[in-house]
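So the structure is just underneath, and the comments pick up after that.
All figures in this text were calculated on a predicted structure; none of them were measured in a lab. In what follows, every chain begins at residue 1, and chains take the letters A, B, ... in the order their sequences are listed.
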Amino acid sequence: MRISTWNINSIRSRLPRVLDFLCRSNVDVLAMQEIKCRVSQFPVEAFLASGYQVFVNGLNQWNGVAIAVRADLDAQVLGTEFSGKIPQPPFGKPPVVEPRALGVRVAGIECWSLYVPNGREIDNPHFAYKLAWLEALRSHAHTLLAANPTALGLFMGDFNIAPCDEDVWDIQEFVGATHVSVPEREAFARLLQSDTLAQAVSLDETAISRIGTDSTNCGGLVEVTRQFAPGWTYWDYQKARWRRNQGMKIDFALATPNLADKITGAFIGREERDGEKPSDHVPVVLEL
DNA sequence: ATGCCTTCCTTCGGAAGA
């Protein structure tokens with residue numbers, strides 16, 4: 001079975017590329033982020049014609065997530081809300097929960113497509129929102145595993161965090177920036193099983209032991225792409241980042257331990273950053 | 001050279017992305 005995650009940066013701009021990728025790569029489940037459209041604007045018929053059922057969470061031109069599942073697979077929507085309450089952004093009237101999460105149960109696996117808030121700048125209210133959003137995700141994962149330690153759960157998407165210094169082309173360029181800060185890396189680490197932290201994030205021993213001892217309240221997940229698929233998943237459109245190969249590794253798949261044991265490989269579809277109208281992210285594909 | 005790009009909208013300028 002093949003499961004993929006991809007921040008496509010607008011389904012209406014990327015439809016031919018996404019359908020081509022689905023068929024060519026023999027993908028069974030695709031978690032998409034940044035569809036940038038309302039549910040009514042999503043090209044459902046085109047997916048059906050290509051042999052995929054598709055589930056959509058989209059409100060307007062911002063954010064939005066979807067999951068395509070091969071038509072012959074059994075799939076049920078879980079929802080757009082975590083058991084850990086998803087926070088509202090620090091703006092907007094009336095207040096609304098942004099479409100950044102969608103869960104579908106596929107073949108016994110609880111699959112989530114996630115678009116973690118960007119954070120903007122460290123001192124921006126959006127940054128606190130990002131941390132609160134990640135805490136809601138941690139709470140959900142913790143609750144899932146507390147209820148059933150053998151649960152099969154997969155939390156895929158654009159995490160907007162570079163967990164390790166090597167996950168950006170030059171860490172010196174990111175001094176004082178979001179995506180690499182200690183609070184973000186700690187929030188990412190708290191999603192994980194405590195004994196997988198040391199190799200999963202660039203944090204000092206004090207921070208790792210502090211988070212690691214908090215095992216009664218950790219997410220309990222395992223990041224399952226890095227060991228099979230090293231390298232970056234995003235290159236900014238600006239400043240010729242792709243041509244100069246200056247990228248970031250910010251797209252991941254976090255699995256519950258029982259599902260992590262079933263992962264046999266992963267790869268990054270780098271070729272999707274080339275050619276006509278690419279997204280700035282490329283797909284990450286898991287093999288089970 | 002801020003190596004200035006891509007997407008969206010009650011659209012031709014601004015917001016957001018990371």
Side-chain angles (χ1 to χ4, degrees), chain A residues 5-18 32-43 56-66 88-93 96-101 113-131 133-134 156-185 187-188 201-202 231-252 268 272-284:
Chain A
T5 180
W6 190 7
N7 180 323
I8 57 174
N9 186 16
S10 169
I11 188 58
R12 288 175 290 176
S13 287
R14 223 67 62 205
L15 181 62
R17 286 197 74 129
V18 171
M32 291 166 271
Q33 299 88 38
E34 279 206 273
I35 62 169
K36 289 187 167 176
C37 69
R38 298 189 292 270
V39 173
S40 61
Q41 296 172 306
F42 194 96
V56 183
N57 178 19
L59 274 186
N60 51 31
Q61 70 269 44
W62 304 121
N63 317 302
V65 290
Q88 290 161 347
F91 51 77
K93 33 190 184 341
V96 65
V97 173
E98 294 180 318
R100 296 179 176 273
S113 179
L114 306 172
Y115 180 44
V116 176
N118 170 288
R120 301 183 184 173
E121 297 90 29
I122 303 283
D123 58 359
N124 191 302
H126 207 266
F127 185 78
Y129 167 52
K130 179 179 194 174
L131 298 181
W133 201 97
L134 287 161
M156 299 172 280
D158 177 357
F159 282 79
N160 269 322
I161 296 172
C164 300
D165 288 354
E166 302 72 38
D167 294 339
V168 297
W169 74 90
D170 180 2
I171 193 66
Q172 300 306 324
E173 296 271 329
F174 285 79
V175 173
T178 58
H179 293 64
V180 301
S181 75
V182 169
E184 287 161 276
R185 286 180 174 175
F188 186 83
V201 287
S202 295
W232 296 323
T233 64
Y234 163 87
W235 295 261
D236 200 316
Y237 287 127
Q238 294 197 53
K239 303 181 183 177
R241 294 300 185 201
W242 171 242
R243 182 176 62 73
R244 297 195 288 169
N245 194 24
Q246 296 180 328
M248 303 171 73
K249 189 178 191 67
I250 55 177
D251 299 274
F252 299 99
I268 294 168
E272 290 300 334
R273 192 62 181 75
D274 269 321
E276 286 289 302
K277 282 174 73 82
S279 171
D280 44 1
H281 294 250
V282 296
V284 180

On a whole-Å scale, what distance lies between the [atom1] atoms belonging to [N] and [M]?
N	M	atom1	value
B:dG14	B:dC4	C1'	15 Å
B:dG3	B:dA15	C1'	23 Å
B:dT11	B:dT6	C1'	15 Å
B:dT7	B:dA1	C1'	24 Å
B:dA16	B:dT10	P	14 Å

Between A:S13 and A:E121, whichever has its closest DNA chain B nucleotide further toward 5' is A:S13

Using a 4.0 Å heavy-atom cut-off across all strands, classify [X] as base, sugar-phosphate, or nothing.
X	value
A:Q41	sugar-phosphate
A:D158	sugar-phosphate
A:T178	nothing
A:Y115	sugar-phosphate
A:N7	sugar-phosphate
A:R38	nothing

Shortest side-chain distance from A:R12, nucleotide among B:dG17, B:dT7, B:dC9
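Output: B:dC9.
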
Per atom distances to the A:W62 side chain, the nearest of B:dG3, B:dA15, B:dG17 is B:dA15

Taking Watson-Crick and G-U wobble contacts under 3.5 angstrom, with | marking pairs to another strand and [ ] crossing pairs, the secondary structure of DNA chain B is written ....(((((...))))).

_Which atom of A:I122 lies closest to which atom of A:G176, heavy atoms considered_ =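 Closest approach of A:I122 to A:G176, heavy atoms only: CG1-O, 3.6 Å.
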
All heavy atoms of A:S202 vs all of A:E166, minimum pair found to be OG-OE1, 4.1 Å

Original post:
Below 6.0 angstrom between ring centroids: does that apply to A:W133 and A:Y115?
Top reply: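 That pair fails the under 6.0 Å test.
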
Using whole Å, report how far [atom1] of [X] lies from [atom2] of [N].
X	N	atom1	atom2	answer
A:H126	B:dA15	NE2	P	15 Å
A:K36	B:dC5	NZ	P	16 Å
A:N63	B:dA16	CG	C1'	9 Å
A:N60	B:dC8	CG	P	13 Å
A:I8	B:dT7	CD1	C1'	12 Å
A:F127	B:dA16	CZ	P	18 Å
A:K277	B:dC8	NZ	P	7 Å
A:E34	B:dA16	CD	P	13 Å

Are any of A:S10's side-chain N or O atoms less than 4.0 Å away from OP1 or OP2 of B:dC8?
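Result: yes.
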
- request: Kindly say if A:R120 contacts the phosphate of B:dA15, meaning a side-chain N or O under 4.0 Å from OP1 or OP2.
  value: no

Note to self: Side chains of A:E34 and A:N7: any donor to acceptor distance under 3.5 Å?
What the structure shows: yes

Side chains of A:N245 and A:W235: any donor to acceptor distance under 3.5 Å?
yes

Those residues at least two apart in sequence (or on a different chain) that pass ring pair (Phe, Tyr, Trp, His ring centres under 6.0 Å) with A:W62 are none

Are the side chains of [X] and [Y] in touch, meaning some heavy atoms are under 4.5 Å apart?
X	Y	value
A:N9	A:H281	no
A:W242	A:D274	yes
A:I250	A:I161	no
A:K239	A:R244	yes

Would you sort out whether A:R100 and A:D158 count as a salt bridge (Lys or Arg N to Asp or Glu O under 4.0 Å), showing the intermediate values? CA-CA 10 Å; A:R100 296 179 176 273; A:D158 177 357; over 6 Å; no

Expected list for residues 234-243 of chain A near DNA chain B, using heavy atoms below 4.0 Å, is A:Y234, A:Y237, A:Q238, A:K239, A:A240, A:R243

